[in-house]
Structure formats: C-alpha cells, structure tokens
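Inspection log for the structure reproduced underneath, given as structure tokens.
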Amino acid sequence: MGAYANIESLIALQFKARGFSLLHTQPAHSLLFGRRASHVRGRGLDFEELRSYVAGDDVRSIDWRVTARMQKPYVRVYSEERDRPTMLVVDQRMNMFFGSRVSMKSVVAAEAAALAAWRVFQQGDRVGALVFNDEEIEEVRMHRSHSNVLHILNAIADKNQLLRSDSSARLRPERLNDVIDLVARLCRHNALIVIASDFDGADQKTRDLLLHLSKSNDVVCCLAYDPLAVKLPAAEQLVVSNGELQVELHLDDEKIRKNIQGASDRRLCFILSWQHELGIPVLPLSTSEDVPQQLRHLLGHVAAVRSGK
C-alpha cells in the first residue's frame, strides 16, 4: 500500500483473507503449531469444569446446585470451540510511521488487523478492536456483523490517515502497556487477542502483562518490522528523527554502527523470545513484503488454500 492505508484498500482485503487460520490447531509449518490447547470454550456436550462466575458469562451456564452449596455463583464449562470472540489491538502511534521499503509499519499493522477481522467474520465469530495512537484509544465493541467489521476498518483507516512526519503529537511508548492493561480488563477469559504493533516501548511490564493475559485468553502478536532493524544499509549517513529532534548518524563509524545494530538486535530478540518463554506466537511481518502472503506463509494450511477457504 505504501505510506497510508485507506478504507477502500482495507475492505478489498476481504478477498485475500484466505489460506490461513488463527485457530490453535495448525499444520507443522505454522508458527501457531504446538500452541497449548485453547482456553476457548462454548456450550457443547462434553463437560469440562466448574469455575467461578465471571461478569459476562452466560447465565444459562450457572450451576444452581453448586452455587447454593458454595454460596457464590459457579458456571459449568463445556469444551467446544464455537463462539470465540476476538479482540484486535492495532498500533497507529508515530513510531509506526516508518518504512524503508514497500510500506510503513503502520500500514503493515493495519493490513494484518484487517485480514484478521475478515477471517474471524468469515468463521462466524464476534470481533472487536482497540485502535490506538499516541493521543487516544478507540474501542469498537465485539459483534458478529459485517457492519462491525467496517466500523473497525474505518477506525484503523482514520488513525492511519492522521500520521504525519511533522505531527506535534508527543511520543508515548508507555501507551503500549496502557492498551494491553485495558485489553486484560475487557477480555477476562476465552477470547482471541491479536496485537498488531512494532511493540515500541515493550519492557518487562509488557512481558508480565502478556503472560497474565495469555493465562485466560489466546494471544497472537503480529510484529511489524522494517528490514533496517535486521540489517543496516551499507556505510552511509542516515538521518533519523523522533518528530522533535533530528540526528545524522554516520554508519561508516564502526562503533556507532555496532551500537545501533546491537540495540536493535536486543529489542527484536526480547520480543521474539515471547514465542518460547511465554508460549505466545510472535508473527514477524516485514514492511518489504506482501502482508497477505506473509500471513499465509506463517499460518497457512495447504488444504485450506486448495479448498479456496
């Protein structure tokens, strides 16, 4: 797409939301392969467990005998993956407005979220979103409807179109943790949470929040990154800015080059380590490649492609 994502292009992605699945049962080549059994539950035939009632639970699931005996509400949980609400978390902060190749990171996140929204809708599940930038967080509540998907895409496109290199917005790296904390309050259990971001501002608190969130939900992280984060260009001068200050980096200076590359490598390794340490899938999505193709490669199922799903 390039520098910006518009509503028309995000709507058109519904025709490319095929050949991949966000379900926990995956083929061996998928980055979701080996994920623990899903926490997602529904109303099925196989009794799974009794647990304390949580706000939002279906009152029809309350076990009144156990509730009377324990003097507090308990619900009966059945194992069935039918109704799985999905919350999309879409980063459109100023740190995302960067790309050295085909697209900006903000566009990669927008596309990934749009593809996930369409795929979830096609599967018949509810979908909602938290779209955030440095100044605000916009919530779109979870519903199972075409109009709600369009509401989500409009929120993403609107935030994306606000990004400008001369923006006066103050950078908010701490916003990432604020949003994940909000997700934890909105999605108490049994949800799929897809976070599309470059994870700028990620720290130990981020890791702890994600660990807590993943204990009662399924979490998937879509890491938008630029090739420059993996490999710096050949020795040359590079001008970078945070929107307020501008610095010229002399990449022909070996010490400067090593320091920049080292900091970038440590940051990426920290985020990618969540895959193994927390059991949270981290899907790296490059700004230099087609997002639908990358998702199909990372999550795709050959059988699904053949069937046209």
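For the pair Leu88 and Ala113, the tightest heavy-atom approach, listed with the atom from each and the gap, is CD1-O, 3.4 Å. Closest approach of Cys221 to Ile280, counting heavy atoms only: SG-CG2, 3.8 Å. In this structure, Val149 and Phe121 approach most closely via the heavy-atom pair CG2-CB, 3.8 Å. Between Met142 and Pro85, the closest heavy-atom pair is SD-CB, 3.5 Å. The two residues Ser106 and Ala3 have their closest heavy-atom pair at OG-O, 4.4 Å. The nearest pair of heavy atoms linking Val127 to Ala117 is CG2-CA, 4.3 Å.
Ion pairing between Asp91 and Arg93 holds under the 4.0 Å rule for side-chain N and carboxylate O. The existence of a salt bridge linking Glu174 and Lys205 is excluded, since no basic side-chain nitrogen approaches an acidic carboxylate oxygen closer than 4.0 Å. Ion pairing between a basic and an acidic side chain is recognised when a charged N comes within 4.0 Å of a carboxylate O; Asp181 and Arg185 show such pairing. A salt bridge links Arg207 to Glu277: one of the charged nitrogens lies within less than 4.0 Å of a carboxylate oxygen.
The closest side-chain donor-acceptor pair between Gln122 and Arg119 falls under 3.5 angstrom. Asp125 and Thr86 are not linked by any side-chain donor-acceptor pair at a separation below 3.5 angstrom, with hydrogens and angles left out of the test. Looking only at atom types and distance, the side chain of Ser145 has no donor-acceptor partner in the side chain of Asn148 under 3.5 Å away. Looking only at atom types and distance, the side chain of Asp290 has no donor-acceptor partner in the side chain of Gln294 under 3.5 Å away. Side-chain atoms of Gln92 and Asn133 include no donor-acceptor pair closer than 3.5 Å.
Met104 CE to Leu163 CG: the interatomic distance, rounded to the nearest 0.5 Å, is 8.5 Å. Here the straight-line distance linking atom CZ of Arg18 with atom CZ of Phe15 works out to 8.0 Å at 0.5 Å rounding. For the atom pair Ile193 CD1 and Ser214 OG, the distance stands at 9.0 Å (nearest 0.5 Å). Distance check, rounded to the nearest 0.5 Å: NZ of Lys16 to CD of Gln293 gives 7.5 Å. Atom CG of Leu22 and atom CD of Gln123 lie 6.5 Å apart (nearest 0.5 Å). Taking CG from Leu115 and CD from Gln14, the interatomic distance works out to 11.0 Å, rounded to the nearest 0.5 Å.
Leu171 and Leu162 fall into different hydrophobic clusters, where Ile, Leu, Val, Met, Phe, Trp and Tyr are joined by side-chain heavy atoms under 4.5 Å apart, directly or via other members. Residues Val75 and Val59 share a hydrophobic cluster, clusters being chains of Ile/Leu/Val/Met/Phe/Trp/Tyr side chains in contact below 4.5 Å. In the hydrophobic clustering of this structure, Met96 does not group with Leu176; members are Ile, Leu, Val, Met, Phe, Trp, Tyr whose side-chain heavy atoms approach within less than 4.5 Å, directly or through other members.
With hydrogens and angles ignored, the 3.5 Å screen pairs no side-chain donor or acceptor of Ser103 with any backbone N or O of Val108. Side-chain N or O atoms of Asn217 include one that pairs as donor or acceptor with a backbone N or O of Leu213 at under 3.5 Å. Side-chain atoms of Asp200 never come within 3.5 Å of backbone atoms of Pro173 as a donor-acceptor pair (strictly under, hydrogens ignored). Under a 3.5 Å cut-off, the side chain of Arg172 and the backbone N or O of Glu135 do not form any donor-acceptor pair.
Counting non-hydrogen atoms of neighbouring residues, nucleotides and ligands closer than 6.0 angstrom, the CZ atom of Arg164 exceeds 12 such neighbours.
For the pair Val140/Val131, no side-chain contact is recorded, criterion being any heavy-atom separation below 4.5 Å from C-beta on. In this structure, Asn95 and Phe199 have side chains that are not in contact, with every pair of non-hydrogen atoms separated by 4.5 Å or more. Contact annotation: the side chain of Thr287 never approaches that of Val102 to less than 4.5 Å [non-hydrogen atoms, C-beta and beyond]. Residues Arg188 and Ser216 fail the side-chain proximity criterion, which asks for heavy atoms closer than 4.5 Å. Using a 4.5 Å cut-off on side-chain heavy atoms (C-beta onward), Arg84 and Asp218 make contact. Val90 places none of its side-chain heavy atoms less than 4.5 Å from the side chain of Leu130. Counting only heavy atoms from C-beta outward, the side chains of Arg267 and Asp198 approach each other to under 4.5 Å. With a 4.5 Å cut-off on side-chain heavy atoms, Tyr225 and Leu285 do not count as touching.
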### Query
Between Trp274 and Leu211, does a side chain to side chain contact (heavy atoms under 4.5 Å, CB included) hold up when you go through it step by step?
CA-CA 9 Å; Trp274 300 339; Leu211 177 60; over 6 Å; no
### Task
Would you sort out whether Leu13 and Glu111 count as a side chain to side chain contact (heavy atoms under 4.5 Å, CB included), showing the intermediate values?
CA-CA 8 Å; Leu13 286 174; Glu111 286 191 337; 4.0 Å; yes
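For an aromatic pair to be called close, the ring centres must be under 6.0 Å apart, and Tyr4 with Phe97 satisfies this.
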